[in-house]
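Please read the structure below before turning to the comments.
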Amino acid sequence: MTPLMARLFDALDERVHIAAPLRRGANKVFPRHWSFLLGEVAMFTFGILVVTGIFLTAFYRPSIEPVLYTGSADLFAGRQLPAAYESVVRLSHDVPGGLFIRRVHRVAATVFIMAISLHLLRIILTGAFRKPREPNYHLGLVLVFLAVASGYSGHNLPFDLLAGTSLRILYSFLQSIPWVGAAVSQWTFGGEFPTGDLIPRLYVVHVLVLPALLAGGIGMHLYLVVKQTHTQFRVPGVDARTHVAGEPMWPYQFATSTVLTLVVAALLAVAAALVPWADVDLHGPYLIAAATNASQPDWFLFWIEGALRLYPGWEWRLLGTVFSGLFVVGVVMPLVVGALLFAYPALERRVVGGRDDAYHHEVQHPLAVPFRLGFVVALVTFFAILTTAAGHDVIARLLHAPIESVTLALRIAVLVLPPLAGFGAAAYARWWRRRYR
Amino acid sequence: VSLHGGPPGPDDFVVRDRTDPAPGPGNTAVVVLACTAAALGAIGFAISLFGTASPAVLGTSLAVAFAALALAVRRSFAAVYPRIEALEHRKAPEGRSDRLAAVQPITRRTLVMRLLAGTGALVLLALLVPVRALAVRRAGVAEDTAWRAGTRLVDDDDQPIRADAVPTGGLSRAWPQGVARQELAAVILIRLEDAVAEPPTNLDWVVNGSLIAYSKVCTHAGCPVALFQAERGQLFCPCHQASFDARRGATPTFGPASRPLPQLPLGVDADGYLVALGDFTQPVGPPVG
């Protein structure tokens, strides 16, 4: 510290005692394991998303009013474009660094959701969700939902062809809700699709509501981690119930986090340099009743897209309403998966633990609890098959197989493989436990 | 100032193991080189923003800056600080804490408190009523589109379509004339080749024995039905691969759709142009719950 900074620091410390909490922070001991860094990657990419997002809002116009494009891209010269799309094209072609920052924002969103998903897998597989950390686990699930909603809403703001198609499908999902579908869809969209209210509403959700909830939620998540202390893997000679073993925040945990942050930033920059993420010129603006063959949502919604393709054309008329495949796939299925994850800690306690009421600060090997491993493997298999099914036309083309056979095979697979894989994994874990314990 | 100056006290942690740094002779050189690369990357990034600002150059220079800085951080910390393995007392909350306020009521006037809670809830509920504004502008319902008896079909350039001038394979999009583009009114106009329409197609609405107009809004999820494979007589939606038999009233043949595409009552006016004979008789688009 330079003398001036030291004097400023002392002046502040004499008034608000800043050194005491800083000292506690600097000396907080962090368990040493790579998997504990996944959450940090998520937190850091959230920061990048906020900063790049603020830059993007300076140029984006939340409207679908047609405007004359006068920018430098020859492809759109003299054409009427929806204002939102026009502003995104202008940002990409005529703002220095605009396209680069859009790409970074897009790839950071992908890494954000990937890191969150892997972090969640780590928390479940190692049993870090057990008492006393269930509330933070549940908060984490809410954050997963908010992150996916952010990704979805952001993906649709440019109002390119993919965005319009994806919003049309959301409109259909809302319509499919029994009894109230027509009302809910029209209230949400402000009338019949596509309306002028839609993009302004989506905009405020994406740049204000969701980021505010995410920032508050992440703050709460971290506060609970500090208050309840970190879990850790077994360290020989350390009783995890009374002590945390690892490295103090300062200096090495700080250095590790900084290096990790910089490496992720470098990878994001490389990805933005090489891959045309977010280059919406490729799709063109949304036009009513136009679609392209490669209409796909973002990767983290492939599982819903895949389920839409596999679910047969069944609908039930019951009690004066319709229960359609859209409702089952777009509303019921995500709710059931969410509820399963939400209920998992209680479920495991009931099935495995004999109503275990102890405090757990030591995390476990992923093979330690067969039921847990089976649950995770079954769920991941379910996601993987549905994600694959989102490209079942591509698979059919590659295999030179009729789309009907590919669909049928995937329908069988999504019903049979998850339980098979789950039981298989649990059996393996049981064998492993006998062999090594 | 002793931010981290003093030795760890009992409130901090106990040192289990300590390894002092033994940087090799080349370490300083590596740090200097890495810092140089990072500075060059940062300057390159800044300069290229004044030029072409291509993502490739911006991303590469920034990646060099970040990666080099990461190396510099790693090597400089390793040269300066000892590695510490420490043990910290876990102070996670366990058991129950002291709860509730110190001041307790002197009487059990439960009625008063319930009245208060109920009124508070009522005031909050009143604040929710503005949400109803969302419902004010409810435009039409799915069964009601812009088609009326005598409305001409027009193409994307607003030109009416002569029944004898429909190209082979038909038209991917047609609209009601004189109405702003309404999504639910869009139709796909097909011309059957070497095949005749059969029930459940409404044969009265087939023009010249081969022209049929179906709603373009897929009955599965609302995507536009984009493709007509004339040789198989199949209509096809690109979003989720729903397919429909164009010769038999667009009944679903495979995939996720549960309902046929509604058929537009189609006819020809006195001048030979394609017209609607009325609105769709079936609801357009995906099932509404």
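Numbers restart at 1 for each chain; the letters A, B, ... are given by sequence-line order, proteins then strands.
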Answer key: most heavy-atom pairs under 4.5 Å with chain A among Ala56(B), Ser243(B), Ala86(B) is Ala86(B)

Based on non-hydrogen pairs under 4.5 Å, which of Ser61(B), Gly285(B), Pro256(B), Ala53(B) is most in contact with chain A?
Pro256(B)

Residue [X] versus chain A: region with a heavy atom under 4.5 Å:
{"X": "Phe50(B)", "value": "neither"}
{"X": "Ala186(B)", "value": "side chain"}
{"X": "Phe77(B)", "value": "both"}
{"X": "Val64(B)", "value": "neither"}
{"X": "Ala78(B)", "value": "both"}
{"X": "Pro252(B)", "value": "neither"}
{"X": "Arg16(B)", "value": "side chain"}

Would you say the side-chain atoms of [X] pair up with the backbone N or O of [Y], donor to acceptor, closer than 3.5 Å?
{"X": "Arg201(A)", "Y": "Thr188(A)", "value": "yes"}
{"X": "Gln182(B)", "Y": "Val179(B)", "value": "no"}
{"X": "Trp175(B)", "Y": "Glu183(B)", "value": "no"}
{"X": "Trp147(B)", "Y": "Ala185(B)", "value": "yes"}
{"X": "Asp13(A)", "Y": "Ala19(A)", "value": "yes"}
{"X": "Gln296(A)", "Y": "Ala390(A)", "value": "yes"}

For chain B, the option from [options] that forms the most heavy-atom pairs under 4.5 Å:
{"options": "Val244(A), Leu268(A), Leu99(A), Val226(A)", "result": "Val244(A)"}
{"options": "Gly181(A), Ser185(A), Ala240(A)", "result": "Ala240(A)"}
{"options": "Gly325(A), Gly246(A), Pro178(A), Ala272(A)", "result": "Gly246(A)"}
{"options": "Lys131(A), His361(A), Arg241(A), Arg317(A)", "result": "His361(A)"}
{"options": "Val329(A), Ile169(A), Thr321(A), Thr261(A)", "result": "Ile169(A)"}
{"options": "Pro248(A), Gly97(A), Ser324(A)", "result": "Pro248(A)"}

With only heavy atoms counted, which part of [X] is less than 4.5 Å from chain B, the side chain, the backbone, both or neither?
{"X": "Pro312(A)", "result": "backbone"}
{"X": "Arg32(A)", "result": "side chain"}
{"X": "Tyr311(A)", "result": "backbone"}
{"X": "Arg168(A)", "result": "both"}
{"X": "Lys28(A)", "result": "both"}
{"X": "Arg411(A)", "result": "side chain"}
{"X": "Ala255(A)", "result": "both"}
{"X": "Val235(A)", "result": "side chain"}

Start with the C-alpha distance between Trp250(A) and Tyr81(B), add both sets of side-chain angles, then the distance that settles ring pair (Phe, Tyr, Trp, His ring centres under 6.0 Å), and finish with yes or no.
CA-CA 10 Å; Trp250(A) 184 264; Tyr81(B) 287 102; 5.6 Å; yes

Shortest non-hydrogen separation from Ile177(A) to Val184(A) and the atoms involved:
CD1-CG1, 4.3 Å

Should we count OH of Tyr359(A) as having more than 12 external heavy atoms under 6.0 Å?
yes

Please report whether the SG atoms of Cys239(B) and Cys223(B) are separated by less than 2.5 angstrom.
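Yes, the SG atoms sit under 2.5 Å apart.
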
Do Lys216(B)'s NZ or CZ and the ring of Tyr214(B) fall within the cation-pi criteria of under 6.0 Å and 45°?
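Judged by the rule, Lys216(B) and Tyr214(B) form no cation-pi pair.
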
Just checking, any donor-acceptor pair under 3.5 angstrom between side chains of Arg309(A) and His392(A)?
yes

Charged N-O contact under 4.0 Å between Arg83(B) and Asp20(B):
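Here Arg83(B) does not pair with Asp20(B) in a salt bridge, since their nearest N and O are not under 4.0 Å apart.
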
Rounded to the nearest 0.5 Å, what separates atom OG1 in Thr195(A) from atom CZ in Phe193(A)?
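Reported to 0.5 Å precision, the distance equals 8.5 Å.
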
